[in-house]
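Following: one structure in structure tokens, then a few remarks.
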Number of protein chains: 2
Amino acid sequence: MSSRPHRAPTIYDVAQAAGVSKSLVSLVLRGSSSVSEARRTAVLEAMARLDYRPSQAASALAGATTRTIGVLIDDYRNLWFVELLRGLQEGLAEHGLRIAVADHTLNAHVEASPLDGFLSMRVDGLVIATEPSAAMRVPEGLPVVVAGHRQAVVPGADVVANDDRLGARRATEHLLGLGHRGIGHLTGGGGAARLRAEGFAEAMSAAGPAPRTVPGTGATTEEDGYVAAARLLDEAPETTAVFAANDTMAMGALAAARERGLRVPQDLSVIGYDDSPIASTHLLELTTVDSRNARIGAMAAERLMARIAGNGGPAGCSLLSPELVVRGSTAPPRPGA
Amino acid sequence: MSSRPHRAPTIYDVAQAAGVSKSLVSLVLRGSSSVSEARRTAVLEAMARLDYRPSQAASALAGATTRTIGVLIDDYRNLWFVELLRGLQEGLAEHGLRIAVADHTLNAHVEASPLDGFLSMRVDGLVIATEPSAAMRVPEGLPVVVAGHRQAVVPGADVVANDDRLGARRATEHLLGLGHRGIGHLTGGGGAARLRAEGFAEAMSAAGPAPRTVPGTGATTEEDGYVAAARLLDEAPETTAVFAANDTMAMGALAAARERGLRVPQDLSVIGYDDSPIASTHLLELTTVDSRNARIGAMAAERLMARIAGNGGPAGCSLLSPELVVRGSTAPPRPGA
DNA sequence: CTGAAAGCGCTTACAG
DNA sequence: CTGAAAGCGCTTACAG
């Protein structure tokens with residue numbers, strides 16, 4: 001084998017090795033059905049032999065489409081996107097679309113807006129799984145779905161989200177059903193948190209007891225949960241149950257409870273939201289609400305494919321039902337409480 | 001404005017709008033210094049006005065380089081890559097390289113190997129932040145650095161890792177220094193875990209007490225930590241301190257301790273490894289070892305840039321010093337213990 | 001199925 | 001700086 005420094009094989013090389021035309025190789029690449037089995041095999045074997053990999057750049061430039069969907073997430077540490085990706089992937093698999101993921105800091109050193117990379121890449125569609133900012137102008141005609149509830153809206157984009165209000169009602173009703181009356185809610189910023197707070201208020205007002213909603217320092221981190229819970233427990237000692245806007249805040253609430261000598265769930269019930277990986281740990285055993293993010297991803301894929309196919313219709317909002325996941329952090333209040 | 005359905009502006013459009021030649025636009029795009037300030041401004045303004053975004057496909061195809069580095073991670077849930085990315089980004093920023101991230105499942109529906117996407121993309125370099133598999137054949141000449149200790153090696157690749165053995169020694173010496181003698185280590189699979197176990201054994205044998213190392217079910221999850229710690233605490237009740245191969249396992253150990261009525265740190269000290277986001281929560285306050293992943297990323301960027309520039313030399317292994325982070329989960333053993 | 005041709009939007013190299 | 005040209009590796013469309 002002569003050393004061929006660096007020149008990657010092209011369809012031309014593959015065609016020659018397989019003894020077919022370049023056109024045929026291109027047909028195989030795009031999975032055309034009008035290729036005989038024998039020739040297809042020959043081409044695939046030649047590709048494997050030459051270690052051929054199609055140039056994404058060339059096919060993107062020549063073709064009308066890149067067959068890739070960009071997914072913009074908030075922060076790699078907010079793991080809710082993991083299941084979203086799984087559902088998206090399953091929905092996209094049959095169409096052979098690939099996925100590209102970025103958060104807003106990933107290429108902040110080379111691009112002005114986090115969307116720039118995806119647009120330069122000429123993605124066929126976009127999933128925005130973060131709070132849309134004003135800088136996020138997307139070309140009209142590009143299929144976009146916003147995943148999850150947000151404060152801002154993207155014109156022309158579909159929204160696919162968990163029914164946060166319903167989930168919050170279910171969480172609250174779970175606590176009410178256990179017999180709790182002194183129930184507090186820990187809230188934070190963002191569209192989802194706002195809806196969850198509303199769902200909490202609805203369920204509470206339907207049941208009677210005065211709802212008490214307390215924010216941390218404005219966000220929805222563990223620290224916020226800790227601060228909010230500390231405030232709640234100190235100001236309202238009659239509290240026997242806490243509903244946090246998400247699992248991370250619930251984790252902070254657990255710390256605040258422990259500091260006050262309150263055992264969970266005997267002295268205090270705690271419920272989160274999201275069913276994130278930490279919720280199912282032995283340490284937390286956190287009762288929570290499963291947003292069914294994989295289903296949100298699958299639905300997002302569906303909306304995207306419909307728009308790409310041209311039959312999208314007007315932008316809509318799809319709400320999916322969340323599900324209560326009961327674990328060890330909630331129990332009836334103590335008889336004396 | 002006539003509706004121009006869908007055709008994205010090209011350098012041709014920009015040139016015309018700015019009243020310059022296409023060549024000049026290309027020079028501005030690539031940041032050439034031989035362009036007058038006036039013309040550069042005119043071009044940039046035209047780009048902004050037209051909402052122009054360079055086609056990544058076209059520049060990749062025409063140019064010799066894509067100016068992007070691929071980063072292959074293990075799983076989005078293993079957050080150690082987050083800081084790695086930050087360091088990588090800082091190191092790459094001055095060179096204007098962008099980053100593309102994927103885990104091995106992201107495009108499993110369209111490609112055989114997780115590296116295929118990056119190779120089709122013709123990345124200029126690769127960071128492998130996961131256990132290399134046999135399927136990961138990389139073209140010779142492509143700059144590759146393996147980040148973190150692994151079982152397998154990639155021929156020709158540099159390795160940049162935290163000195164796991166040293167970090168484990170420091171963790172163990174911290175416990176020894178507090179006065180602990182009954183110290184157990186929770187281990188799991190992978191190159192890093194093996195080195196951490198070795199560092200533990202070294203520090204223990206230098207100090208005297210018999211080291212006890214126990215695995216969970218083979219991996220390094222919270223469940224593994226829980227199982228391993230349960231085993232350890234039941235079989236060796238004289239244990240007063242536990243060193244887990246990582247923070248996640250330490251979290252499991254905390255659960256096992258709580259189940260046995262052991263308070264942390266009064267009855268049992270627990271130390272982890274990685275300084276992951278959970279370690280600094282109020283709930284865990286976990287003493288741990290900071291791998292300095294951002295520095296690993298920065299070093300990886302440096303190695304990559306050197307190889308891209310052609311002065312890489314033979315593949316090497318760079319080991320960075322970890323740092324002990326003392327929090328609330330470790331303390332001296334109780335006098336009676 | 002093949003073959004020849006044009007073109008995607010850039011970069012490169014060069015004469016002016 | 002401009003302008004004309006070639007080419008990157010594919011896809012597309014079409015005549016055979």
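As a basis for the values below, the full set of heavy atoms in this structure was taken, side chains included, without hydrogen atoms, waters or symmetry mates. Letters go in sequence order (proteins before strands), and every chain restarts at 1.
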*What's the spacing between A:T130 OG1 and A:D103 CG if we round to 0.5 Å?*
9.0 Å
_Pairing check on C:dA13: which nucleotide meets the Watson-Crick or G-U wobble criteria with it, both distances under 3.5 Å?_
none
*Which atom pair, heavy atoms only, marks the closest approach of A:H109 to B:L97?*
NE2-O, 2.7 Å
_From CZ of B:R39 over to C1' of D:dT2, roughly how many Å is that when rounded to an integer?_
9 Å
*Starting at the 5' end of DNA chain D, which residue's closest nucleotide do you reach first, B:A58 or B:V20?*
B:V20
*In whole angstrom, what separates B:R7's CZ from C:dC8's C1'?*
11 Å
*Are B:D13 and B:K22 within salt-bridge range, i.e. N to O under 4.0 Å?*
no
*Tell me: CG of B:L61 to P of C:dC8, nearest whole Å?*
13 Å
_Over all strands shown, is A:L24 touching base, sugar-phosphate only, or nothing at heavy-atom distances under 4.0 angstrom?_
sugar-phosphate
*Measure from NZ on B:K22 to P on C:dG9 and round the result to the nearest Å.*
12 Å
*Whole angstrom value for the distance that separates P of C:dC10 from CE of B:M47*: 9 Å
_Does anything in residues 85-99 of chain A form a salt bridge (Lys or Arg N to Asp or Glu O under 4.0 Å)? List the pairs, not counting sequence neighbours._
A:E83-A:R86, A:R86-A:E90
_Is there a side-chain contact between B:R122 and the phosphate of D:dG9, meaning an N or O under 4.0 Å from OP1 or OP2?_
no
*In whole angstrom, what separates A:Q16's CD from D:dG9's C1'?*
16 Å
*Any side-chain N or O of A:S55 under 4.0 Å from OP1/OP2 of D:dG9?*
no
*If you take all heavy atoms of B:L119 and B:R137, which pair is closest and at what distance?*
CD1-O, 4.0 Å
*For C:dG9, does either OP1 or OP2 sit under 4.0 Å from a side-chain N or O belonging to B:T10?*
no
Between the protein and nucleotides 12-16 of chain C, list the N/O to N/O atom pairs that are separated by less than 3.5 angstrom.
| residue | atom | partner | partner atom | Å |
| --- | --- | --- | --- | --- |
| C:dT12 | OP2 | B:R30 | NH1 | 2.9 |

*Would one find a side-chain N or O of B:Y12 under 4.0 angstrom from OP1 or OP2 of C:dC8?*
no
*Minimum heavy-atom separation for B:A147 to B:V127, with atom names?*
CB-CG1, 4.0 Å
*Where the side chain of A:I11 is concerned, which of C:dT11, D:dT11, D:dT2 is the nearest nucleotide?*
D:dT11
_What is the distance, to the nearest angstrom, from the CG atom on B:L119 to the P atom on D:dG9?_
16 Å
_Upstream residue (5' side of DNA chain D) when B:V35 and A:V25 are each assigned their closest nucleotide_ = B:V35
_For atom CE of A:M121 and atom C1' of C:dC10, their distance in whole Å_ = 17 Å
*Atom of B:V159, atom of B:G148 and distance for their closest heavy-atom approach*: CG1-O, 4.3 Å
